[in-house]
Amino acid sequence: MTRLSGITPSGHAHVGNYLGAIRRWAREGAQGDLYFVSDLHAMTTAYHPQRLRARARELLATLIASGIEPNQVFVQSDLIREIGALTWLLECTCAYGEAARMTQFKEKSGTDGKIAARVGLLTYPVLMAADILLQGADEVPVGDDQEQHVELARALARRFNSTHGEVFTVPRAVTPRAAARVRDLADPTRKMDKSATDAAGVIFVLDEPDMVRRKIKRAVTDGLERLEYRPDDQPGLANLLEILAACLGKSPREVADGYPSYDSLKDAVAEALIEELRPIRTGTLSLLADIDHLDKIRAEGAIRARERGQHRLESALRLAGVG
Ligand code: AQP
């Protein structure tokens, strides 16, 4: 059984990515799971090439430093030729209307009227289908916002198989056990976001301890006296309690009891988070300091992922009458 998950280097990894995804992959993942840095997904809107390259490398290092086995990771663009070829076959299997009705496309293409939406934003779910189908993934853990894309991958796999011959595993979307959505510390109505324009409310995995303390100290709280876990009425406080609970392996309600004031709670959150992130931060930095070693892991990951997909791609090209 293969389960495939990706993370996009659209910015530096933050505590939401770590607690909500990466740490769980490392702790709860099974041996057949695959994790990839989806750098091609970060190109559908304006981006900076050097930064993209640096962040892809940084995220790869963070995945490994977090405890994911090096033989389970790869970087998507290392397979750009294979994925590009399969994307084209799948684009020629996909109806325009199917791609155009994706909610994420409608939302993101409408956000800035001054900049024309790129065709890549329209076809990105097809690229995602290619990632999934190339690796023969059985399961793709996704949040609500990505379920529609896995549905598209299922539809394309079925259509290709019934038109040309059985090549692709039809993947299933699975909903991971609910993880608290870490919210922005400066605006707890929003989720913590890699590409947030203001980083004051975002704690990055590589932030230095003093920076973590400063950001937590400035976190918006709700001005109410009682330190209770009430996410609807006190989202700022609830966010801090959820972060602390995730670090201590307790429930937010349990941890809420222990602190007489916001200040003492914030100190505890900062220290717990610094301890939680310390090995990830130092591990990431030491992998980044030994680029040859990291590049070797990366190259081996690319070879493995390419080999996994090779026969599917070749069969698909042959059955489609090309290549
Ligand atoms: N705030 C969050 N709390 C909990 N989990 C989160 N994830 C993202 N933000 C939070 C989880 O991280 C994994 C990888 O996410 P992604 O690379 O697909 O990015 P995203 O979900 O689009 O959100 P980001 O990281 O904030 O990036 P941008 O700014 O590009 O939107 C996923 O499992 C996701 O659920």
Side-chain angles (χ1 to χ4, degrees), residues 7 10-27 55 58-59 61-67 178-288:
I7 182 157
S10 44
H12 301 289
H14 54 68
V15 163
N17 298 131
Y18 178 67
L19 294 176
I22 302 172
R23 189 177 78 165
R24 304 176 69 177
W25 297 343
R27 288 186 181 176
R55 285 171 183 170
E58 187 183 293
L59 258 185
T62 297
L63 294 181
I64 298 164
S66 302
R181 261 323 207 197
V182 179
R183 276 159 286 177
D184 189 289
L185 298 173
D187 176 4
T189 60
R190 300 158 31 108
K191 86 172 184 72
M192 199 175 272
D193 230 336
K194 280 192 223 95
S195 40
T197 41
D198 180 4
V202 182
I203 296 190
F204 297 106
V205 170
L206 295 185
D207 275 348
E208 295 199 358
D210 269 350
M211 176 66 84
V212 174
R213 285 190 193 97
R214 273 208 297 280
K215 287 181 178 173
I216 298 276
K217 270 239 168 332
R218 286 204 304 256
V220 167
T221 45
D222 308 288
L224 300 174
E225 286 307 308
R226 294 172 69 90
L227 292 197
E228 279 178 10
Y229 181 61
R230 287 168 38 203
D232 292 339
D233 306 332
Q234 306 188 55
L237 172 60
N239 195 29
L240 292 176
L241 291 171
E242 283 166 8
I243 293 172
L244 181 59
C247 293
L248 301 181
K250 294 183 175 175
S251 76
R253 281 205 169 76
E254 268 177 278
V255 296
D257 280 341
Y259 302 95
S261 66
Y262 277 117
D263 277 348
S264 60
L265 172 68
K266 283 183 169 178
D267 287 345
V269 176
E271 294 318 310
L273 206 44
I274 288 165
E275 282 318 304
E276 180 69 37
L277 296 179
R278 191 185 305 282
I280 318 306
R281 182 170 175 274
T282 50
T284 302
L285 293 176
S286 77
L287 280 161
L288 289 172

Rounded to the nearest 0.5 Å, what separates atom [atom1] in [X] from atom [atom2] in [Y]?
{"X": "Leu277", "Y": "Leu19", "atom1": "CG", "atom2": "CG", "answer": "7.5 Å"}
{"X": "Asp184", "Y": "His14", "atom1": "CG", "atom2": "NE2", "answer": "9.5 Å"}
{"X": "Leu206", "Y": "Leu288", "atom1": "CG", "atom2": "CG", "answer": "7.5 Å"}
{"X": "Met192", "Y": "Asn17", "atom1": "CE", "atom2": "CG", "answer": "9.5 Å"}
{"X": "Ile243", "Y": "Glu276", "atom1": "CD1", "atom2": "CD", "answer": "11.5 Å"}
{"X": "Ile280", "Y": "Thr62", "atom1": "CD1", "atom2": "OG1", "answer": "8.5 Å"}

Looking only at heavy atoms, what is the nearest atom pair of [X] and [Y], with distance?
{"X": "Ala65", "Y": "Leu287", "value": "N-CD1, 4.0 Å"}
{"X": "Gly67", "Y": "Ala26", "value": "C-CB, 4.0 Å"}
{"X": "Pro188", "Y": "Gly236", "value": "CG-CA, 3.6 Å"}
{"X": "Val220", "Y": "Ala186", "value": "CG2-O, 3.2 Å"}
{"X": "Ala238", "Y": "Pro231", "value": "CB-CA, 3.6 Å"}
{"X": "Ala61", "Y": "Thr284", "value": "CB-CG2, 3.8 Å"}

* Taking the side chain as every heavy atom from C-beta outward, state whether Glu271 and Arg213 have any pair of such atoms under 4.5 Å apart. =>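 Touching, per the 4.5 Å side-chain cut-off.
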* Taking the side chain as C-beta and beyond, is there a heavy-atom pair between Val15 and Lys215 under 4.5 Å? ->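 Sidechains of Lys215 and Val15: no contact.
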* To do: Decide whether Glu242 and Tyr229 meet the rule of one side-chain donor and one side-chain acceptor closer than 3.5 Å.
  =>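 Distance-only check passes for Glu242 and Tyr229.
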* Asked: Donor-acceptor pair, Asn239 side chain versus Arg183 backbone, under 3.5 Å?
  ->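 Looks like yes, one N/O pair under 3.5 Å.
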Taking side chain to side chain donor-acceptor pair (under 3.5 Å) as the test, write out the residues that go with [X], two or more places apart.
{"X": "Asp222", "value": "none"}
{"X": "Thr282", "value": "none"}
{"X": "Lys217", "value": "Asp267"}

List the atom pairs, donor and acceptor, that lie under 3.5 Å between side-chain atoms in residues 195-204 and the rest of the protein, sequence neighbours left out.
| unit_1 | atom_1 | unit_2 | atom_2 | d |
| --- | --- | --- | --- | --- |
| Asp198 | OD1 | Ala200 | N | 3.0 |

* Candidate pair Leu63 and Trp25, rule side chain to side chain contact (heavy atoms under 4.5 Å, CB included), full reasoning -> CA-CA 9 Å; Leu63 294 181; Trp25 297 343; 4.0 Å; yes
* To do: Let me see the working for Leu265 and Leu241 under side chain to side chain contact (heavy atoms under 4.5 Å, CB included), right down to the final yes or no.
  => CA-CA 8 Å; Leu265 172 68; Leu241 291 171; 3.9 Å; yes
Salt-bridge criterion met for [X] and [Y] (N-O under 4.0 Å):
{"X": "Asp263", "Y": "Lys266", "answer": "no"}
{"X": "Arg281", "Y": "Glu208", "answer": "yes"}
{"X": "Glu58", "Y": "Arg55", "answer": "no"}

* Asked: With sequence neighbours excluded, what pairs up with Ser264 under the side chain to side chain contact (heavy atoms under 4.5 Å, CB included) test?
  ->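 Once residues adjacent in sequence are excluded, the partners of Ser264 under the side chain to side chain contact (heavy atoms under 4.5 Å, CB included) criterion are Tyr259, Pro260, Ser261.
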* Asked: Of all residues at least two apart in sequence or in a different chain, which pass the salt bridge (charged side-chain N to carboxylate O under 4.0 Å, His left out) check with Glu228?
  ->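 Salt bridge (charged side-chain N to carboxylate O under 4.0 Å, His left out) list for Glu228, sorted by chain: Arg226, Arg230.
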